[in-house]
Amino acid sequence: MKIIFSVYFLFACLFASAQGNTKENIISIASYEEQPILSPDAFKDVPEPYREMVSKNTKPLPNYYELSFNNNEALYKKVQKKVDTPEDMNTGNIQMKQTVLSFGVTVEMYENYKTQKSVSSRMILDKEFLISEDLKKIDWKLINETKTIGGFTCKKAQAKIGDDLVEAWYSPDVPTMAGPGIYWGLPGLIVELKSKNCHYIAIEIKENAKGQMIPPTKGKQISREEFKKLVDERLNDFKREHPNNFKVTGQ
């Protein structure tokens, strides 16, 4: 996917200037597309004669996010973007109706790199919850590979997170430790990232503007452990009540 940038030399000047500017009310905004990656087990409940056909013709809908950032803070927000996809998907003689539900998806996430703290707002169905916690450091390995993305020379990094080998491409020309989702800590903006569950790509970067990044406040305060338990309970309840024809999204 091609990244949309305004005239490149304007951004080169913009970020060169930003490197010498540490004012926290000067922010930039990167827009990301998140494409979920289906696991091999995603179609295990589909009858064998149709499993291959369904897997080849099923593509998850992308999610879209905006990342506001400066040298010391970042605010990551889910945004609504209309995607022209029919509700009913025809696959040969099979017709599937898909209802998308949210169990644990991130609505907003604020990160402060000075205090090493984060506050995130997450959804379970139609209810929001707040999780405040320490930022989890990522043990990135910097790799001597480069590629050009949207006019920026980006460098490669990898990290082992659990059983997931994450690959990131970041731009040292954009002075921030921020990135999409839970990913942060590299010496430049993460422009592209691929994990076993999803692929993030920056599709637009907007010019610097004055403003403030305010942590989310809407929702019931809850610990990560309590939230995970609640997600599992609600998800299991819903599966029992609606065993067919739904898709769950989460993060």
Side-chain angles (χ1 to χ4, degrees), residues 1 3 15 27-39 60 62-79 102 104-123 131-147 149-150 152-206 213 215-216 224 227-228 231 249-251:
M1 181 175 295
I3 299 180
F15 290 115
I27 62 173
S28 298
I29 300 175
S31 298
Y32 289 90
E33 179 181 278
E34 176 207 52
Q35 182 63 57
I37 298 173
L38 294 176
S39 72
N63 298 307
Y64 295 91
Y65 294 86
E66 278 190 353
L67 176 69
S68 303
F69 63 89
N70 58 28
N71 291 21
N72 300 312
E73 297 174 286
L75 183 64
Y76 192 62
K77 290 184 179 182
K78 186 175 177 64
V79 296
S102 296
V105 71
T106 300
V107 179
E108 275 187 290
M109 181 163 56
Y110 169 83
E111 297 176 336
N112 189 305
Y113 305 125
K114 280 186 175 181
T115 63
Q116 299 283 290
K117 301 288 184 181
S118 73
V119 181
S120 60
S121 171
R122 293 175 177 251
M123 294 287 295
I131 301 175
S132 301
E133 58 189 342
D134 294 334
L135 277 174
K136 294 183 179 179
K137 292 186 178 180
I138 299 174
D139 186 17
W140 292 106
K141 179 182 178 182
L142 304 185
I143 297 173
N144 190 26
E145 291 183 36
T146 61
K147 71 175 179 178
I149 304 175
F152 289 108
T153 298
C154 296
K155 296 184 177 182
K156 185 177 180 180
Q158 289 182 335
K160 196 75 164 59
I161 303 176
D163 62 350
D164 192 4
L165 181 61
V166 177
E167 177 182 292
W169 292 90
Y170 67 97
S171 174
D173 295 329
V174 187
T176 181
M177 299 171 69
I182 62 170
Y183 304 102
W184 70 285
L186 285 167
L189 177 70
I190 298 174
V191 177
E192 183 178 356
L193 184 141
K194 191 171 185 179
S195 71
K196 68 177 183 179
N197 295 319
C198 56
H199 180 202
Y200 295 95
I201 181 73
I203 55 177
E204 183 180 17
I205 294 182
K206 298 179 183 178
M213 282 171 281
R224 178 171 288 275
F227 183 77
K228 185 179 184 305
V231 168
T249 63
Q251 186 173 318

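Bear in mind the structure is a predicted one, so any value in this text is a computation, not a measurement.
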J.: Nearest 0.5 angstrom please: Ile203 CD1 to Ser31 OG, how far?
T.: 5.5 Å

J.: Using the side chain to side chain contact (heavy atoms under 4.5 Å, CB included) rule, take Leu193 and Glu167 through it: C-alpha gap first, then chi angles, then the decisive distance, then the call.
T.: CA-CA 6 Å; Leu193 184 141; Glu167 177 182 292; over 6 Å; no

J.: Can you list everything that forms a salt bridge (charged side-chain N to carboxylate O under 4.0 Å, His left out) with Glu111? Sequence neighbours excluded, please.
T.: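 Here no residue qualifies.
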
J.: Distance from Tyr170 atom OH to Cys154 atom SG, nearest 0.5 Å?
T.: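 Spacing of OH (Tyr170) from SG (Cys154) equals 9.5 Å.
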
J.: Sequence neighbours excluded, which residues qualify as salt bridge (charged side-chain N to carboxylate O under 4.0 Å, His left out) partners of Lys160?
T.: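 With neighbours one apart ignored, the set is empty.
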
J.: First locate atom NZ of Lys114, then atom CD of Glu73, and finally report the distance between them rounded to the nearest 0.5 Å.
T.: 8.5 Å

J.: Rounded to the nearest 0.5 Å, how far apart are CD1 of Ile201 and OH of Tyr32?
T.: 9.0 Å

J.: When rounded to the nearest 0.5 angstrom, what distance separates CD1 in Ile182 from CD1 in Ile161?
T.: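 So the CD1 of Ile182 and the CD1 of Ile161 are separated by 5.5 Å.
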
J.: Closest approach of Glu34 and Asn63, non-hydrogen atoms and distance?
T.: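 So the two residues come closest at OE1-ND2, 2.5 Å.
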
J.: Locate the shortest heavy-atom distance separating Glu145 from Trp169; write the atom from each residue and the value.
T.: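 Heavy atoms only, the tightest pair is O-CZ3, 3.7 Å.
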
J.: Evaluate the criterion side chain to side chain contact (heavy atoms under 4.5 Å, CB included) for residue pair Leu189 and Leu67; output intermediate values, then yes/no.
T.: CA-CA 10 Å; Leu189 177 70; Leu67 176 69; 3.8 Å; yes

J.: What verdict does the side chain to side chain contact (heavy atoms under 4.5 Å, CB included) test give for Phe152 and Val191, after you've listed the backbone C-alpha separation in whole Å, the side-chain angles of each residue and the deciding distance to 0.1 Å?
T.: CA-CA 9 Å; Phe152 289 108; Val191 177; 5.8 Å; no

J.: Which heavy atom in Phe69 sits nearest to a heavy atom in Ala178, and how many Å separate them?
T.: CB-CB, 4.1 Å

J.: Under 30°, 30 to 60°, or over 60°: which ring-plane class applies to Trp184 and Tyr113, parallel, tilted or perpendicular?
T.: parallel

J.: Where is the tightest heavy-atom contact between Ser118 and Leu135, given as atom of each residue plus distance?
T.: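 Where Ser118 meets Leu135 most closely, the heavy atoms are CB-CD2, 3.7 Å.
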
J.: Taking only residues two or more places apart in sequence or in another chain, which ones pass side chain to side chain donor-acceptor pair (under 3.5 Å) with Gln116?
T.: none

J.: Output all residues satisfying side chain to side chain donor-acceptor pair (under 3.5 Å) with Asp139, sequence neighbours left out; order by chain, then residue number.
T.: none

J.: Would you please name every residue forming a side chain to side chain donor-acceptor pair (under 3.5 Å) with Lys136, sequence neighbours left out?
T.: none

J.: Can you tell me how far the OH atom of Tyr64 sits from the NZ atom of Lys78, to the nearest 0.5 Å?
T.: 10.0 Å

J.: So which atom in Pro36 and which in Pro62 form the shortest heavy-atom distance, rounded to 0.1 Å?
T.: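 Reported closest heavy-atom pair: CD-CA, 4.2 Å.
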
J.: Determine whether Ile143 and Gln158 satisfy the following criterion, side chain to side chain contact (heavy atoms under 4.5 Å, CB included), listing intermediate values before the conclusion.
T.: CA-CA 7 Å; Ile143 297 173; Gln158 289 182 335; 3.4 Å; yes

J.: Test your reading of the model: is there a side-chain donor-acceptor pair from Asp164 to the backbone of Lys196, 3.5 Å cut-off?
T.: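 Judged by distance alone, yes, a pair lies under 3.5 Å.
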
J.: List in chain and number order the residues that pass salt bridge (charged side-chain N to carboxylate O under 4.0 Å, His left out) with Lys194, two or more places apart in sequence or in another chain; answer none if no residue qualifies.
T.: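 Checked Lys194 against salt bridge (charged side-chain N to carboxylate O under 4.0 Å, His left out); zero matches.
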
J.: Please report the shortest heavy-atom distance between Val166 and Trp140, naming the atom on each side.
T.: CG1-CH2, 4.2 Å

J.: So, His199 and Glu192: side-chain donor and acceptor under 3.5 Å apart, yes or no?
T.: yes

